[in-house]
Amino acid sequence: MSFFLHLLVNGLSLGFLYALSALGFVMIYKSSSVLNFAHGELMAAGAFLFLVLTTWAELPIPLAFILTLSGCFLLGFVIERLFLRPLIGEDLIQVIMLTVGMAAMFKGLLLFIFGGDIHQYPSFLPEAMNLHLGIIQIPSVYVATFIIGILFLVMFGFFFKYSSQGIYMRSVADNQPAAMSLGVHVRRVFALSWAIAAMVAAMSGIVLGIINGINVHELSSIGLKVFPVVILGGLDSIGGAILAGVIIGLLETFTGGYISTSLREIIPYVVLVVILMVKPYGLFGLKEIERV
Amino acid sequence: MTTEQKLLINNISVVYSDVIQVLKGVSLSIADKQIVTLVGSNGAGKTTTLKAISGLLKPENGKVTEGSIEFKGKSIQNLPPEAITRQGIIQVLEGRQEFKYLTVEENLRVGTATRFGKPYHKDLERVYELFPALARRKKTLSGFCSGGELQMMVIGRAIMAHPDLLLLDEPSLGLAPLLVREIFRIIRRVNVEQQTTILVVEQNTNMALQIAHYGYVMENGKIVLEGNAEDLKENPDVKEFYLGTAGTQGIKSYHNLKSYKRRKRWL
Amino acid sequence: MRKLHYHLCGNYKESYEEELAIFETDFGRTWMLIGIFVLLVVIPLTGSSYTLYILNTIGIYSIAAIGLNLLIGFTGQISMGHGAFFGVGAYAAAVMTTRMGVPLLIALPMAGVFTAVVGMLFGIPSLRLKHLYLTIATLAGQFIIEYILVQWEGVTGGAEGIAVSNASIFGIELDSDHAFFFLIFISLIVLTWVMVNLIRTRFGRALVAIRDNDRAAEGMGIPIFKYKLLAFGISSFYAGFAGALFAFYMMTITPEPFNMWLSIEFIAMIIIGGLGSVSGAIFGTIFIVSLSEILSMITEFLMNYGSASDLSITIAPLREFIFGLSIVLFIIFEPKGLAEIWRIVRSNFRLWPFSY
Amino acid sequence: MKTFRGEPSIFRSDPGHTVRSDLELSDLTLKFGGITALNRINLKINTGELVGIIGPNGAGKTSLLNCITGYYKPQKGSIVFNGQDVTGMATHHLTKVGIGRTFQNIELFSGMSVLSNMLLARNLHCRYNLAKAAIFSRSVRQEEVHHRQVLEELIDFLEMQSIRKEPVGSLPYGMRKRVELGRALALEPQLLVLDEPLAGMTLEEKEDMVRFLVEINTTWKQTMILVEHDMSIVMGICQRIAVLDFGIKIAEGDPKTVQNHPEVIKAYLGETALI
């Protein structure tokens with residue numbers, strides 16, 4: 001029983017981590033329909049920036065945190081300006097391939113600077129955040145992940161549903177020329193969504209780093225894990241990303257715990273394909289509206 | 001003309017992808033608070049003219065290479081669309097470019113982009129008052145709306161922006177006769193009640209000339225005829241090529257259409 | 001006698017049949033024959049073993065890239081599983097020859113057919129999935145096949161892999177790069193010709209129609225799902241055939257090279273070459289293979305001559321960086337690919353020396 | 001009637017014998033998104049007829065066409081074509097059975113030339129298989145040439161000689177509609193379904209198009225269903241007209257009857273008759 005609860009807690013927290021990584025991804029997709037293969041590398045960029053600021057520059061944690069987030073916000077802007085903007089209007093596959101190339105660039109660069117080893121942050125989360133549920137102890141990082149996850153879900157949910165800016169962003173993804181004709185600043189929307197996405201990615205990179213330590217290879221493979229999560233949830237659904245993250249997190253830990261560790265890596269994909277055959281737009285994805 | 005000029009297009013040429021010339025020296029002017037219509041065949045360059053004004057040529061790799069476009073005395077040619085819309089020029093694109101995955105109300109809210117931060121609830125109410133059909137469909141995804149509802153929605157969306165100059169591209173395309181009249185009645189109302197200057201490109205020349213004050217006829221990238229709407233309606237060429245004889249003889253027999261036709265004189 | 005066409009400067013065609021020809025001019029056809037002659041006679045006679053190794057690699061990957069181009073460039077279905085399909089072909093050929101003693105000339109097409117079946121199986125989601133959803137479903141296929149290759153030890157030999165028995169045709173041992181060169185390039189020429197034929201007949205037209213507008217295609221009486229499966233099948237056949245050649249050429253195979261990165265490289269090949277162009281797929285393969293060869297030569301050079309051993313470890317990731325950078329630059333500055341550049345160069349050359 | 005233009009061989013495939021083409025819709029009902037798009041529609045189309053369907057936007061005209069061509073599956077009722085029950089049949093299958101169509105918002109293959117667009121419609125009539133295509137055998141070559149000839153006749157007929165190699169994306173709107181008609185005709189359908197083929201055209205373009213439609217119908221006895229808003233044309237060329245409103249058929253009959261039907265005037269035409 002305690003093994004089960006242990007897996008449950010691990011699965012949930014892993015799931016929230018996936019969900020958190022997926023949020024930034026959905027953000028980009030919702031406003032520009034780009035499938036970002038460099039998401040894991042963006043996470044790594046944020047995580048390492050935080051590492052540099054805390055351990056090398058020895059800044060106070062809150063300051064380092066704010067600097068990292070704003071740094072990545074800027075990074076997002078720069079990426080959009082340099083790489084994505086020339087491709088506005090090109091085919092989907094070219095944009096996908098561009099993010100693949102970007103991923104390789106970032107990964108190579110980060111490996112060049114930091115190497116492939118694991119780095120650790122100084123520990124800073126208060127002990128008081130540790131939760132005790134009966135026999136189970138939930139470490140503070142997990143609690144923090146959970147809180148951040150919920151916070152983001154609510155924030156982005158409201159942002160896209162009700163705020164004018166959110167509606168403008170959705171309008172751009174829906175029909176670019178029409179948005180342009182109404183005075184929506186399309187290029188600014190793209191830049192903003194990349195900036196926010198990079199910031200969210202940095203956030204999830206840091207959280208992941210606190211739990212496992214940071215390592216370029218691992219972060220970039222988490223970036224790939226985002227795909228089954230967002231597709232399962234439905235590419236444009238924030239709530240779906242959270243739910244799918246939790247499902248896949250649980251699936252992985254339980255498969256790993258009860259069946260086999262080698263199957264663990266593959267099970268999300270198997271489930272993904274099965275679910276997609278029943279629900280072709282994921283659990284909550286918008287169904288394509290076709291008029292003949 | 002005695003009224004103040006709102007928009008002045010002076011001898012512009014438009015070229016797509018640096019090679020394809022679509023407009024060859026087009027000049028037209030729109031007086032303040034008037035409805036001006038632009039008619040002509042498909043491919044004559046009417047839509048391109050609208051896009052040259054609204055700046056939407058750019059995303060399609062088009063450019064105004066010669067001439068000037070002045071809006072309220074200021075030159076606006078080749079500015080990016082954001083800058084032009086901010087000055088109050090809003091274009092309603094051809095073929096109901098709705099945001100499929102946004103509800104009707106959200107679609108209307110996108111119209112506030114140029115007035116970001118200003119209250120918009122009054123405007124929403126006004127649009128619903130102009131188009132009661134939209135009020136009933138507020139929460140529906142626009143992808144599920146009928147063609148008529150969509151056409152009302154995209155016009156309403158433009159009205160949300162408080163346009164100074166409204167550019168309408170074929171507002172009656174694919175609409176039923178009753179609805180066509182309804183739409184034109186509303187265009188007229190917007191012009192009268194909100195003092196909006198309107199440039200309307202229309203295939204339904206008959207309707208367009210009924211509501212417009214002034215009209216231009218365009219063929220092959222050039223303006224070939226212009227005049228007050230009343231005068232144009234009486235012009236024999238306009239009658240034959242754009243109005244048809246429907247007005248005078250009722251339904252004409254399509255079974256006796258000849259294979260050859262009189263060509264347009266000005267071509 | 002028919003007049004020989006040196007180059008086109010007007011529409012000379014006198015029958016619809018002439019419009020169906022692959023080469024518009026006799027000049028083009030002659031050049032192709034000269035090209036094939038150089039390729040199959042001059043190069044094997046003069047090329048070093050290393051040159052032939054590079055060419056062989058290009059030849060093998062070209063076959064797979066041409067197949068993938070049919071799926072992505074022509075049908076518009078993005079597959080991220082072609083690295084795995086390539087592996088399936090390699091393993092199918094290896095298992096057939098080592099376990100069942102099937103001769104090479106039969107094993108090659110059989111491996112292709114087997115992979116085509118697997119590819120169609122993983123193409124089934126295209127019945128309901130569109131765009132990115134399908135892309136990720138094929139990525140799932142990639143991971144699932146990789147998993148099977150590693151885990152199904154009884155057949156695949158697990159991580160150890162399979163040693164392929166000596167390749168021979170009619171008793172002639174294929175034991176050198178030179179011997180393989182002929183096998184690979186004759187296959188490439190035949191398969192390219194077949195692809196060009198498929199594209200200019202009703203099958204190719206139907207696939208392009210599905211890419212451009214699937215609803216309208218359906219209205220023209222084209223069963224979309226059947227054709228999508230066909231595209232998956234044909235392109236997997238090419239991948240499997242290439243994989244089988246790879247297995248014979250490499251002599252031992254392990255699951256490792258058939259990973260997602262290989263799938264991505266295949267896509268990079270056809271994008272850099274030019275989507276929807278058969279010759280582009282070959283150009284793209286030449287580019288990618290040469291690029292990674294040059295990059296590994298440079299890293300090797302730095303490793304050998306770098307003063308500190310530390311340096312060599314830190315230099316290695318730069319290879320990935322430059323690889324990524326060149327893909328990015330290529331897509332930004334020439335999104336239509338090498339085929340477009342080739343077209344421009346050729347049309348400038350056509351009228352030489354009287355251009356303008 | 002003798003024309004100086006080409007007489008496409010596809011129209012003469014069976015001289016002296018008109019192709020049978022009877023469509024019968026009974027109790028057709030279609031619901032989606034909580035609304036009843038079509039409510040118990042009964043309609044018969046006989047061989048050789050040109051039937052018009054009119055009605056306000058959102059009345060269900062396009063939905064009706066989509067049911068006939070298999071894009072939508074009706075929940076209730078049946079569609080019988082030439083004695084065969086084709087209710088719920090897939091679109092590509094219906095095309096084979098002999099129902100061809102054009103689309104309201106032009107659905108051409110934008111990257112292809114006019115000729116390739118029309119060639120695609122000939123896929124139905126291609127007989128060669130994959131293996132023959134792979135080696136481009138003699139029979140493939142002959143068949144391709146034959147299809148090209150058929151299309152050239154059609155291109156002559158529709159007066160599109162000058163644009164046959166143009167990419168359709170670069171054509172003006174009216175021409176694209178004509179290409180779409182050509183593509184639908186290349187299918188050699190027994191029943192031709194046209195969804196607003198004249199929308200967005202100038203008077204001149206409309207007259208050209210109407211000329212083709214009338215000739216196809218009267219001279220070549222092509223059975224057609226026409227959805228269109230231009231009343232003067234619908235009234236002028238259709239033998240029979242059905243009027244839909246809110247998914248219900250409110251009137252049916254010859255142009256005169258429909259024109260003076262009080263409900264039709266109220267729902268669709270408006271008090272001042274024609275524009």
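The chains referred to below are lettered A, B, ... by the order of the sequence lines, with proteins before strands, and numbering in each begins at 1. On a predicted model such as this, the values are computed, not experimentally measured, just so you know.
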Asks: Go through the atoms of A:Gln176 and report whether side chain, backbone, both or neither lie under 4.5 Å from a heavy atom of chain B.
Replies: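 Neither; nothing under 4.5 Å.
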Asks: Distance check, rounded to the nearest 0.5 Å: B:Asn107 atom CG versus A:Arg170 atom CZ?
Replies: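 Separation between the atoms: 9.5 Å.
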Asks: Find the distance between CE (A:Met180) and CG (B:Leu93) and round it off to the nearest 0.5 Å.
Replies: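 Interatomic distance, A:Met180 CE to B:Leu93 CG, rounded to 0.5 Å: 10.5 Å.
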Asks: Do A:Tyr168 side-chain atoms and B:Thr112 backbone N/O form a donor-acceptor pair below 3.5 Å?
Replies: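 A pair under 3.5 Å: yes.
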Asks: Does CZ belonging to B:Arg189 count more than 12 external heavy atoms closer than 6.0 Å?
Replies: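 Count over threshold, so yes.
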Asks: Looking at B:Phe99, is its backbone amide N or carbonyl O close enough to the side chain of A:Asn175 to form a donor-acceptor pair, meaning the two atoms are under 3.5 Å apart?
Replies: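 The answer is no, because no donor-acceptor pair under 3.5 Å joins these two groups.
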Asks: Heavy atoms only, distances under 4.5 angstrom: which of A:Ile167, A:Val184, A:Leu182 has the most pairs with chain B? Name it, please.
Replies: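 Looking at each option in turn, the highest pair count goes to A:Leu182.
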Asks: What part of A:Ala179 is in contact with chain B, defined as an atom under 4.5 angstrom from a non-hydrogen atom: side chain, backbone, both or neither?
Replies: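 Looking at A:Ala179, backbone and side chain both touch chain B.
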Asks: Output the option from B:Lys51, B:Arg86, B:Arg157, B:Met160 having the highest count of non-hydrogen pairs under 4.5 Å with chain A.
Replies: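 Among B:Lys51, B:Arg86, B:Arg157, B:Met160, the one with the most close pairs to chain A is B:Arg157.
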Asks: Can A:Arg188 and B:Glu82 be counted as an ion pair, charged N to O under 4.0 angstrom?
Replies: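 Judged by the 4.0 Å cut-off on N to carboxylate O distance, A:Arg188 and B:Glu82 do not form a salt bridge.
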Asks: Kindly say whether A:Tyr162 contributes a backbone atom to a donor-acceptor pair with the side chain of B:Arg109 at under 3.5 angstrom?
Replies: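 Confirmed, B:Arg109 side chain pairs with A:Tyr162 backbone.
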Asks: Between B:Pro80 and chain A, which part of the residue has a heavy atom less than 4.5 Å away: side chain, backbone, both or neither?
Replies: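 It is the side chain, since no backbone atom gets that close.
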Asks: Please tell me if the side chains of A:Ser171 and B:Leu102 come closer than 4.5 Å, counting only heavy atoms from C-beta onward.
Replies: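 Yes. Closest side-chain heavy atoms under 4.5 Å.
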Asks: Do A:Ser181 and B:Leu56 come within less than 4.5 Å of each other through their side chains, counting heavy atoms only?
Replies: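 Contact flag for A:Ser181/B:Leu56 side chains = yes.
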Asks: Taking atom types as modelled, find out whether B:Tyr120 and A:Ser164 have a side-chain donor-acceptor pair closer than 3.5 angstrom.
Replies: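 Result is no, nothing qualifies.
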